[in-house]
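Lettering of chains follows the sequences in order, A, B, ..., and the numbering in each one begins at 1.
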Protein chains: 2
Amino acid sequence: MAGRPKIFDEREVVEKAVDVFWTKGYETASADELLEAMGIGKGSFYLAFKGGKKELYEKSLRQYADRFDKQLLHDLSISKDPIQLIKDFFMALADDPKSKQMKGCYIGNALVQLSDGDADTKLIAAELLGSVEGIFTDVIRKAQQEKRLKNKAKPEVLGKYLINLWNGVNVTRRSNPGYENLREVLEMSLQVLH
Amino acid sequence: MAGRPKIFDEREVVEKAVDVFWTKGYETASADELLEAMGIGKGSFYLAFKGGKKELYEKSLRQYADRFDKQLLHDLSISKDPIQLIKDFFMALADDPKSKQMKGCYIGNALVQLSDGDADTKLIAAELLGSVEGIFTDVIRKAQQEKRLKNKAKPEVLGKYLINLWNGVNVTRRSNPGYENLREVLEMSLQVLH
DNA sequence: ATTATTATGTACCAATTAGTACAAAAAGAA
DNA sequence: TTCTTTTTGTACTAATTGGTACATAATAAT
């Protein structure tokens with residue numbers, strides 16, 4: 001063991017980078033800006049992230065999604081009524097502060113913001129969204145088996161329906177943050193979970 | 001009337017610009033690339049579009065939406081069953097070629113791709129989507145009045161529901177173009193139009 | 001034909017981009 | 001202390017960005 005010690009924790013600086021990428025977008029977030037927010041210099045950065053900005057972004061996507069999934073799975077694990085939890089999860093979108101309404105979904109943004117040149121990164125985002133979809137699907141399948149969900153549609157279809165709802169709301173509310181009818185739209189959309 | 005004649009038609013070159021912006025995204029589409037596709041030089045461009053790239057983009061959004069709205073209104077005007085037409089309109093999303101599935105909605109993309117610095121342009125995109133929403137809402141209101149639609153939900157909510165569906169599908173299908181269940185998800189989503 | 005007007009093409013520019021080179025710093029090991 | 005290893009900060013760079021300046025070209029009016 002030798003060498004000068006790192007002055008930063010990788011998970012922490014990646015978390016800072018999430019902030020910047022989320023509010024500014026992948027292209028618009030400049031390397032300087034990211035480094036500033038992360039609190040490290042170029043020397044350290046390009047040593048730790050040999051792939052540069054792109055590697056940082058991919059790691060930020062993975063780290064964000066990982067945290068998100070773990071949180072959701074945890075909440076589900078301690079819930080008496082997982083279907084209701086998913087409903088609440090969606091309804092909570094209507095209560096987000098305006099600032100959050102404007103930012104969209106961190107993963108979904110990647111899907112829309114990346115150009116064809118970043119097809120590989122896009123694929124990562126697709127996988128990560130697919131992971132959330134899988135969680136939804138599992139909850140639905142189980143609820144159907146336990147007769148807690150009357151809707152007999154294929155769990156995979158309902159899972160995709162929910163992810164689609166998620167993606168939609170995260171785009172729609174950007175155009176009109178805090179708009180009156182979001183709650184009613186969500187209620188209407190969630191009637192399939194009966 | 002005097003002066004050297006223009007060698008291009010504004011609507012035509014803006015249409016070319018739509019192509020570039022759509023496939024590459026606002027930031028990623030470079031001025032050179034746009035000019036190349038439009039087939040005009042910098043001199044002509046910056047004379048005709050004093051606001052540069054941004055003005056071109058805003059005009060492209062307006063022109064695209066204008067064409068889109070007119071087409072939709074026309075189709076509705078000659079339709080015997082406007083609600084069915086809207087259903088078909090959405091179901092057609094599942095038949096798009098992969099290349100189109102990957103591109104998303106031209107207007108919705110703006111909402112997600114623009115950074116906070118372009119809030120004014122974002123607002124334009126929001127208005128344009130609102131215009132489509134208004135068309136949906138009108139169709140629904142009329143159908144309810146004519147008892148052709150049983151669903152008694154507020155037309156405004158159903159209109160927002162449909163735009164939300166539109167936005168969702170245009171994000172979701174990017175992650176998995178041509179995926180199996182899109183058709184079923186759409187059918188499930190359109191059950192509200194009964 | 002001369003003039004006024006508008007459009008065009010090209011050369012140029014300042015700013016910013018992501019990324020590199022490298023010498024100095026900070027630790028442990030000998 | 002001296003050597004080795006790793007990290008850090010800074011100076012630099014090559015490419016690209018959107019945009020401007022301006023001389024020239026092409027037309028209509030006089």
So, is Tyr46(B) close to the dG19(D) phosphate, meaning a side-chain N or O under 4.0 Å from OP1 or OP2?
yes
Can you tell me the distance, in whole Å, between the CG atom of Leu56(B) and the C1' atom of dG18(D)?
13 Å
Arg4(A) has an atom CZ; how far is it from atom C1' of dA27(C), in whole Å?
9 Å
Decide, yes or no, whether a salt bridge links Asp66(A) with Arg62(A) under the criterion of side-chain N to carboxylate O below 4.0 Å.
no
For residues 106-114 of chain B, which side-chain donor-acceptor pairs fall under 3.5 Å, sequence neighbours excluded?
unit_1: Tyr106(B); atom_1: OH; unit_2: Ser60(B); atom_2: OG; d: 2.7
unit_1: Asn109(B); atom_1: OD1; unit_2: Arg174(B); atom_2: NH1; d: 2.9
unit_1: Asn109(B); atom_1: ND2; unit_2: Lys103(B); atom_2: O; d: 2.8
unit_1: Asn109(B); atom_1: ND2; unit_2: Cys105(B); atom_2: O; d: 3.4
unit_1: Gln113(B); atom_1: NE2; unit_2: Val112(A); atom_2: O; d: 2.8

CZ of Phe49(B) versus C1' of dT8(C): gap in Å, rounded?
15 Å
Taking CG from Leu47(A) and P from dA26(C), how many angstroms apart are they, rounded to a whole number?
17 Å
Who are the salt bridge (Lys or Arg N to Asp or Glu O under 4.0 Å) partners of Glu187(B), not counting sequence neighbours?
none
What parts of residues 31-44 of chain B reach DNA chain C, counting only heavy atoms under 4.0 Å away?
Gly41(B), Lys42(B), Gly43(B), Ser44(B)
Nucleotide dT8(C), atom P - distance to NZ of Lys6(B) in whole Å
7 Å
Is any NZ, NE, NH1 or NH2 atom of the basic residue among Arg141(A) and Glu156(A) found under 4.0 Å from an Asp or Glu carboxylate oxygen of the other?
yes
Residues at least two apart in sequence or cross-chain that pass salt bridge (Lys or Arg N to Asp or Glu O under 4.0 Å) with Glu127(B), listed by chain then number, are none
Does Glu180(A) have any salt bridge (Lys or Arg N to Asp or Glu O under 4.0 Å) partners at least two apart in sequence or in another chain, and if so, which?
none
Salt bridge (Lys or Arg N to Asp or Glu O under 4.0 Å) involving Lys142(B) - partner list, sequence neighbours excluded:
none
For residues 85-102 of chain B, please give each side-chain donor-acceptor pair under 3.5 Å, one per line with the distance, not counting sequence neighbours.
unit_1: Lys87(B); atom_1: NZ; unit_2: Leu193(B); atom_2: O; d: 3.0
unit_1: Asp88(B); atom_1: OD1; unit_2: Gln84(B); atom_2: NE2; d: 2.9
unit_1: Asp95(B); atom_1: OD1; unit_2: Arg183(B); atom_2: NH2; d: 2.6
unit_1: Asp96(B); atom_1: OD2; unit_2: Arg173(B); atom_2: NH1; d: 3.0
unit_1: Asp96(B); atom_1: OD2; unit_2: Arg173(B); atom_2: NH2; d: 3.4
unit_1: Gln101(B); atom_1: NE2; unit_2: Asp96(B); atom_2: O; d: 3.0

Integer-rounded Å distance: dG19(C) P and Lys54(A) NZ:
10 Å
Just list the side-chain donor-acceptor pairs under 3.5 Å for residues 4-13 of chain B, sequence neighbours left out, or say none.
unit_1: Asp9(B); atom_1: OD2; unit_2: Arg11(B); atom_2: N; d: 3.3
unit_1: Asp9(B); atom_1: OD2; unit_2: Glu12(B); atom_2: N; d: 3.0
unit_1: Glu10(B); atom_1: OE2; unit_2: Lys59(B); atom_2: NZ; d: 3.3

Atom pair distance, as rounded to whole Å: OH in Tyr26(A) and P in dT17(C)
14 Å
Where along residues 7-21 of chain B does a heavy atom fall under 4.0 Å from DNA chain C?
Ile7(B), Phe8(B)
Expressed as a whole number of angstroms, how long is the span from Lys53(B):NZ to dT20(D):C1'?
17 Å
